Amino acid sequence: MSEQRLAPRLGTWQLWGLAVGLVISGEYFGWSYGWASAGTLGFLVSTVLVAVFYLGFVLAFTELAAALPDAGGGFAYAQRALGPRWGFVAGIASLVELVFAPPAIALSIGSYLHVQFPGLPPTWAAVACYVVFMGLNARGVILAANFELLVTILAIVELCIFIGLMAPTFSWEAFSRGGWAGSDGFSWRGVSGICTAIPFAIWFFLAIEGAALAVEETRDPARSVPRAFSLGIATLMVLAFGVMFAAGGSGDWTSLADRNDPLPEALKRVVGPGSRWLHMLVWIGLFGLVASFHGILLGYSRQIFSLARAGFLPGSLARLHPRYGTPQRALLAGGLIGMASLAIEDWLPVQGESLTARLVTLSVLGALTLYVVSLFALLRLRRNAPDLVRPFEAPGHPWLPLLALGLGLFFLVVVVVGHPGTAAAYAALLGLAVAFRSLSDR
């Protein structure tokens with residue numbers, strides 16, 4: 001089969017829209033599970049550590065994406081620097097991240113809709129999301145990227161409105177009460193809570209690297225990639241801390257933990273259940289969830305396409321639609337896996353965790369594996385390919401990438417120890433992928 005290339009059609013702002021849109025649902029839900037594990041103050045520590053990591057990682061990943069503009073993202077970088085075996089590991093880890101994040105987001109969309117339509121089961125709404133947005137994504141990257149940019153801007157505006165409405169009610173006393181894993185002061189239990197909450201702090205920023213999967217479709221990656229990623233991580237950091245403080249300082253934060261819709265619940269106690277502001281948050285807030293859901297569908301389809309094009313997955317998944325130029329088979333394959341996961345409520349033997357929390361943790365494990373391998377790839381390429389044209393060079397080399405690498409390895413160990421059931425499922429997925437690859441090589 002001849003190698004197929006994706007057409008370069010995207011600009012800087014469309015790439016920024018993808019970088020932020022892929023992630024922005026993390027500001028709407030998922031992170032509040034960290035409060036249940038660590039308390040508000042413990043989770044604040046978790047989030048600061050994760051923010052430092054992402055700053056170092058994104059700068060390093062930007063260098064790789066600008067120098068090697070390939071639809072494979074971390075898979076392509078690892079294959080170039082570390083060989084096909086590690087490239088395959090990075091690609092499969094990215095697939096786990098990008099395929100299992102959308103069902104978690106779709107369930108949250110269903111929960112938001114359930115607020116307005118109590119008779120609508122969240123799972124049915126989640127499946128409908130897949131059908132609608134896979135169809136939109138299949139119609140071409142320009143349509144998909146422009147839609148992504150629009151809903152991302154609307155989601156940012158809505159989060160700013162939420163922060164503005166909640167700010168006058170902020171109380172540090174309310175935010176910090178019981179803030180160390182439900183106790184009155186810092187303790188070793190608090191350290192355990194901080195570690196357990198790491199996946200939910202990562203959820204604030206998870207999948208920003210997915211924008212690199214559209215770099216092959218970007219007109220001027222040398223200029224657009226550094227700008228899009230730098231503005232993207234800055235945008236997300238401001239929103240993450242703003243939302244967390246606004247929601248947690250308005251009253252009893254424990255009522256928001258373990259919920260798929262913490263923002264409407266927080267706003268309800270400030271403006272009342274019948275307020276137009278509350279209904280605005282539910283409806284416009286859907287744009288944030290839709291932005292991430294839709295953007296990640298684009299991301300996983302490009303990752304599957306790239307792996308198939310390189311021969312690591314069946315070659316039919318690398319075929320492009322003759323009219324729209326989109327990898328529709330790859331889009332459908334990832335969507336079928338995501339929808340199947342929605343139907344299996346007890347598929348992981350973890351007591352006391354919701355399906356959403358399990359999906360979040362599984363996605364985080366895939367992301368951390370990708371991050372660690374990508375940082376190793378950066379360090380190896382700096383050493384072995386000094387003449388590689390680098391339109392952007394990560395500052396602070398080698399110390400900042402090494403700091404990010406150390407934090408990434410620490411986070412990976414912490415998540416595995418704190419969530420052994422989910423980690424076992426993740427290891428099984430990786431093992432099956434490696435076994436399939438080994439058999440296909442014979």
Side-chain angles (χ1 to χ4, degrees), residues 19 23 44-70 73-83 86-87 89-90 93-94 97 191 194-195 197-199 201-212 215 221-238 240-241 364-417:
V23 184
L44 180 60
V45 174
S46 302
T47 306
V48 169
L49 288 173
V50 167
V52 171
F53 163 76
Y54 266 96
L55 181 62
F57 166 74
V58 166
L59 291 172
F61 205 74
T62 300
E63 175 179 318
L64 293 169
L68 302 169
D70 188 284
F75 152 67
Y77 316 148
Q79 184 170 245
R80 170 71 182 271
L82 305 171
W86 283 106
V89 170
S94 178
E97 174 195 5
V191 174
I194 289 168
C195 293
I198 288 293
I202 290 173
W203 189 249
F204 268 135
F205 309 102
L206 183 81
I208 185 174
E209 79 286 350
V215 168
R223 181 177 65 90
S224 295
V225 170
R227 292 183 180 182
F229 273 110
S230 298
L231 288 172
I233 192 63
T235 303
L236 291 166
M237 284 187 178
V238 170
F241 285 100
V364 165
L365 285 166
L368 286 172
T369 304
L370 172 66
Y371 298 162
V372 167
V373 175
S374 297
L375 287 163
F376 271 118
L378 171 83
L379 295 169
R380 174 65 69 85
L381 284 172
R382 278 290 189 103
R383 179 179 178 181
N384 293 351
D387 297 329
L388 179 68
V389 177
R390 295 174 170 85
F392 174 86
E393 292 190 2
H397 182 272
W399 305 114
L400 188 57
L402 284 172
L403 173 62
L405 178 59
L407 285 172
L409 289 169
F410 170 69
F411 293 161
L412 188 57
V413 171
V414 161
V415 176
V416 169
V417 172

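We number each residue from 1, following the sequence as shown. From a predicted model like this one, the values you see are computed outputs, not experimental measurements.
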*Restricting to pairs with a member in residues 376-414, which pass ring-ring contact (aromatic ring centres under 6.0 Å, His included), not counting sequence neighbours?*
F53-F411
Under a 4.5 Å cut-off applied to non-hydrogen side-chain atoms, are [X] and [Y] in contact?
{"X": "M237", "Y": "I233", "value": "yes"}
{"X": "R80", "Y": "L388", "value": "yes"}
{"X": "S230", "Y": "T62", "value": "no"}
{"X": "L378", "Y": "L405", "value": "no"}
{"X": "V364", "Y": "I198", "value": "no"}

Which heavy atom of [X] sits nearest to which heavy atom of [Y], and what is that distance?
{"X": "A377", "Y": "L82", "value": "N-CD1, 4.2 Å"}
{"X": "V23", "Y": "A207", "value": "CG2-C, 3.9 Å"}
{"X": "A212", "Y": "A65", "value": "CB-CB, 4.1 Å"}
{"X": "A90", "Y": "L370", "value": "O-CD1, 3.7 Å"}
{"X": "V215", "Y": "P69", "value": "CG1-CB, 3.3 Å"}
{"X": "N384", "Y": "P386", "value": "C-CD, 3.3 Å"}

_Inter- and intrachain pairs under salt bridge (Lys or Arg N to Asp or Glu O under 4.0 Å), touching residues 44-66, at least two apart_ = E63-R382, E63-R390
*Distance (rounded to the nearest 0.5 Å) between L375 CG and L409 CG*: 8.5 Å
*Once you round to the nearest 0.5 Å, how far does CG of L236 lie from CD1 of I208?*
5.0 Å
_F61: which residues meet the ring-ring contact (aromatic ring centres under 6.0 Å, His included) condition with it, sequence neighbours left out?_
F57, Y77
*What pairs with F205 under ring-ring contact (aromatic ring centres under 6.0 Å, His included), at least two apart in sequence or on another chain?*
Y54
*Under the side-chain hydrogen bond (donor to acceptor under 3.5 Å, both in side chains) test, residues paired with S224 that sit two or more places apart*: T12
*Would you check if the side chain of T47 reaches a backbone N or O of A201 as a donor-acceptor pair within less than 3.5 Å?*
no
_T369 side chain vs L365 backbone, donor-acceptor pair below 3.5 Å_ = yes
*asked:* According to side-chain contact (heavy atoms from CB on, under 4.5 Å), who are the partners of A222, at least two apart in sequence or on a separate chain?
replied: D220, P391
*Could you walk me through whether V50 and F204 pass the side chain to side chain contact (heavy atoms under 4.5 Å, CB included) check?*
CA-CA 9 Å; V50 167; F204 268 135; over 6 Å; no
